[in-house]
Amino acid sequence: LSKGLFIKTYGCQMNAYDSARIAAAMATMDYVPVDHPRDASLIVLNTCHIREKAAEKLYSELGRLRVLKTPNAAPQSPVLIVVAGCVAQAEQDEMFDRAPFVDVVVGPQAIHRLPDLVRHAQTVKRPILDTDFPADSKFQSLPDVSQPTGTGVAFITVQEGCDKFCSFCVVPYTRGAEFSRGAAEVIAEARCMADLGAREIVLLGQNVNAYHGRTDDGREWGLARLIEAIAEIKGIDRIRYTTSHPIDMDEALIRAHGDVPKLMPFVHLPVQSGSNRILKAMNRRHTADDYRRLADRMRRHRSDIAIGSDFIVGYPGETDDDFAETLRLVDEVGFAQAYSFKYSARPGTPADLDEQIEENVKNERLTILQSSLDTHQHSFNRACVGRRLDVLFDRHGRKAHQLLGRTPYMQAVHADGSTNLLGTIHPVAIVAAAVNSLSGRISQDSTP
Ligand code: SAH
Ligand code: SF4
Ligand code: F3S
C-alpha cells in the first residue's frame, strides 16, 4: 500500500536537489509524492537558514501542521513530521523543545539515512535527531534520482559545503566543509539524466567553481575538465554551473567559456559589494578591481558572456561612500541579472557582533540598488530584441498555448507553442523585452 509524502523545499537549488533525492529514497519505502500535507502520512520540510526569521517562519509553519498530528485528524494518521535542511542543522535538538511533536530532525549531510530514521521513529515513538556529517557520503548511498525531465533541465549537485567563512554567512556551519563528488559518479548521473530526456545539465555547488573531484585513477579534475567531459555526452546540448566565487574562477574555466560551445554564456558570480573596505570586512578575499578584471577576462574569451550577481546592502559599518562604490561597480560591469538582499544578522557569524545599520537606511539602499540593477537588466534584455536565440522550453506560461523557456543567457522567454515542445530547444525571434522577461515567436525554419 502506498503512502503519501509531502515535501516543502525552501532555499537554494541544492536543497531542491536534496528534496528530489529524499523523494527517491522514500520511494523505496512505498511513499509517493502528494501535493498537499493533508494527504500525506510523511511530511518533510527541507529548510533554509540563510536569512533572518527562517527559524521563526518554520516554527509557525510547524504550528499549522501540528493539527494533522492530533489522533484521527487525518485518515492516514499517525502522520510523521520531518525537519530537514539548514535550519535542522542549526537548531539541532532545540527543535524538539520548541516543537516536541516533530518526529525527525535530519541535517543536509544525513538525508540518505532518512528511511532508517523514519522506520526507527515509527517503532520507538520518540523524536530522532541526526545532524552528523557521516563518513559515508549521502551521494553514494542514495538511490538514483529519476528527476522529472519533462522540463529538459536536470540539476546535479557536484560540490557541497564551504570553507570560505564570509563573515555574514551560515553556510559553512550548516553545510559543513567543502567536498567534491568523484568525477565518474557525476558523469554517470549526467548520462542517466540525458537518457531520461535532459537537454541541459546544471552543475550545483555552494562554491561550484572550487570543484576538485577525483577520477577513478586518482587524478584531480577542476570544474572546466568536468564540463568538457559532460559536453561529450550525447543528448546534452547545454551546460551551466552555479554558484561561483570570484577567487575560484580559474584560467581553465574562463577558457572553457570560449572553447566549449555547450557551456552557456551566463555566469552567476556573486560580488556582494563594490567597496574594498566592506569586501575586506566580509572576508571575501578579493577587491572590486579584481572583480572588474575578472569580468574583462571572461569577456575576452567569450565576448557576449552575461554576468549575474548577488549583493548585500547595509553590511555592518557600510557608509554612503561604500554604497556609492557598489553603485559604481554595477554601472561598470553592467550585470545581466542580479539578486540583492538587506544584510541580515545571523547568530554565530562574526559580522553579527559589529555595528549594525539602521533598517530604514538598508531599505533605502536596497531600493536604489534594485532600481539600478533593473535598468541594466532591462537594457541587456532590450539588446536582444531582433535577435534569434535558442530557447529551451521548460514550463507552461500563464496564458493558454503559452510556453516559457530560457535563452543561453538565462533570460526567461515566453512564446506561443504547443505542449510537445516542452523539454526541447527551438530558435525564437525575440520581439519584445521587459525587465524580467522577453517575448518572442518560435521560428518556423529551425536552422538557428
Ligand atoms: N556561495 C555563494 C552564495 C551563498 S548564499 C557565494 O559565495 O556568494 C546566497 C546569497 O545570499 C549570497 O550570495 C548573499 O548575497 C546572500 N546572503 C548570504 N548571507 C546573507 C546574510 N546574512 N544577509 C543577507 N544576505 C545574505
Ligand atoms: Fe557563504 Fe561565502 Fe561560502 Fe558563499 S563563499 S557559501 S557566501 S561563506
Ligand atoms: Fe539556505 Fe542552506 Fe542553501 S542556508 S541557501 S538551504 S545552503
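All of these numbers come straight from a predicted model, not from anything done at the bench. Numbering of ligands and ligand atoms starts at 1, following listing order. Residues: numbered from 1 along the sequence shown.
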Please determine, by modelled atom types, if [X] and [Y] share a side-chain donor-acceptor pair under 3.5 angstrom.
{"X": "T287", "Y": "D290", "result": "yes"}
{"X": "S167", "Y": "Y315", "result": "yes"}
{"X": "H268", "Y": "D310", "result": "yes"}
{"X": "N363", "Y": "K342", "result": "yes"}

So, 4.0 Å and heavy atoms of [X]: is ligand 1 close enough to count as a contact?
{"X": "H49", "result": "no"}
{"X": "V171", "result": "no"}
{"X": "K342", "result": "yes"}

Within the 4.0 Å heavy-atom shell around [X], which atoms of ligand 1 are there?
{"X": "T243", "result": "2 (C)"}
{"X": "R346", "result": "22 (N)"}
{"X": "Y343", "result": "23 (N), 24 (C)"}

Could you list the atoms of ligand 2 found under 4.0 angstrom from a heavy atom of [X]?
{"X": "F168", "value": "7 (S)"}
{"X": "F165", "value": "8 (S)"}
{"X": "N207", "value": "3 (Fe), 5 (S)"}
{"X": "H245", "value": "5 (S)"}
{"X": "R284", "value": "2 (Fe), 7 (S)"}
{"X": "C166", "value": "2 (Fe), 5 (S), 7 (S), 8 (S)"}

Considering only the protein, which heavy-atom contact is closest to [atom], and what is its distance?
{"atom": "atom 1 (N) of ligand 1", "result": "Q206 O, 2.7 Å"}
{"atom": "atom 11 (O) of ligand 1", "result": "R51 NH1, 3.2 Å"}
{"atom": "atom 18 (C) of ligand 1", "result": "I50 CG1, 3.5 Å"}
{"atom": "atom 1 (Fe) of ligand 2", "result": "C169 SG, 2.3 Å"}
{"atom": "atom 3 (Fe) of ligand 3", "result": "C12 SG, 2.3 Å"}
{"atom": "atom 6 (S) of ligand 3", "result": "N15 ND2, 3.3 Å"}
{"atom": "atom 7 (O) of ligand 1", "result": "R284 NH1, 3.4 Å"}
{"atom": "atom 22 (N) of ligand 1", "result": "S344 O, 2.8 Å"}

Enumerated ligand 3 atoms positioned under 4.0 Å from heavy atoms of [X]:
{"X": "R175", "value": "2 (Fe), 6 (S), 7 (S)"}
{"X": "C48", "value": "1 (Fe), 4 (S), 5 (S), 6 (S)"}
{"X": "H49", "value": "1 (Fe), 4 (S)"}
{"X": "C86", "value": "2 (Fe), 4 (S), 6 (S), 7 (S)"}

Say whether, by atom type as modelled, one donor and one acceptor occur between the side chain of [X] and the main chain of [Y] under 3.5 angstrom.
{"X": "E160", "Y": "F179", "answer": "no"}
{"X": "N46", "Y": "I7", "answer": "no"}
{"X": "R292", "Y": "V333", "answer": "no"}
{"X": "N209", "Y": "H245", "answer": "yes"}
{"X": "K138", "Y": "I111", "answer": "no"}
{"X": "Y343", "Y": "F168", "answer": "no"}
{"X": "Q377", "Y": "Q337", "answer": "no"}
{"X": "N15", "Y": "T47", "answer": "yes"}
{"X": "K8", "Y": "P37", "answer": "no"}

Handout entry: Contact summary for A183 and W221, nearest pair of heavy atoms
Key =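 Heavy-atom minimum between the residues: CB-CE3, 3.6 Å.
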Practice task
Please report the shortest heavy-atom distance between Q159 and S180, naming the atom on each side.
Solution key: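 Distance-wise, the nearest heavy atoms are CG-OG, 4.0 Å.
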Exercise for the section: For D374 and S371, run side chain to side chain donor-acceptor pair (under 3.5 Å): C-alpha distance rounded to whole Å, both residues' side-chain angles, the deciding distance at 0.1 Å, then the answer. Expected result: CA-CA 5 Å; D374 281 354; S371 116; over 6 Å; no
Handout entry: Residue from K69, R119, R126 passing salt bridge (charged side-chain N to carboxylate O under 4.0 Å, His left out) with D103
Key =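 When K69, R119, R126 are each tested with D103, the salt bridge (charged side-chain N to carboxylate O under 4.0 Å, His left out) holds only for K69.
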Problem - Heavy atoms of other groups near D35 CG, more than 12 under 6.0 Å - result: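 For D35, atom CG is not crowded (no more than 12 foreign heavy atoms under 6.0 Å).
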Under 4.0 Å, heavy atoms only, figure out whether ligand 1 is touched by the backbone of [X], its side chain, both or neither.
{"X": "Q272", "answer": "side chain"}
{"X": "F168", "answer": "both"}
{"X": "M14", "answer": "neither"}

Problem - Under-4.0 Å protein heavy-atom contact, atom 4 (C) of ligand 1 - result: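 So far as the 4.0 Å threshold goes, atom 4 (C) of ligand 1 is out of reach of every protein heavy atom.
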Exercise for the section: Going by heavy-atom distance to atom 7 (S) of ligand 3, choose the closest among M14, Q13, Q206. Expected result: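 Answer by nearest heavy atom: Q206.
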Practice task
Could you tell me whether D310 and ligand 1 have an N or O pair separated by under 3.5 Å?
Solution key: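 The answer is yes, given that D310 and ligand 1 share an N or O pair closer than 3.5 Å.
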Exercise for the section: Mind checking whether P172 contacts ligand 2 via backbone (N, CA, C, O), side chain (CB onward), both or neither, at a 4.0 Å heavy-atom cut-off? Expected result: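 Within the 4.0 Å criterion, P172 contacts ligand 2 through side-chain atoms alone.
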Problem - Metal proximity, C162 vs atom 1 (Fe) of ligand 2, N/O/S cut-off 2.8 Å - result: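 No - counting backbone and side chain alike, C162 has no N, O or S atom under 2.8 Å.
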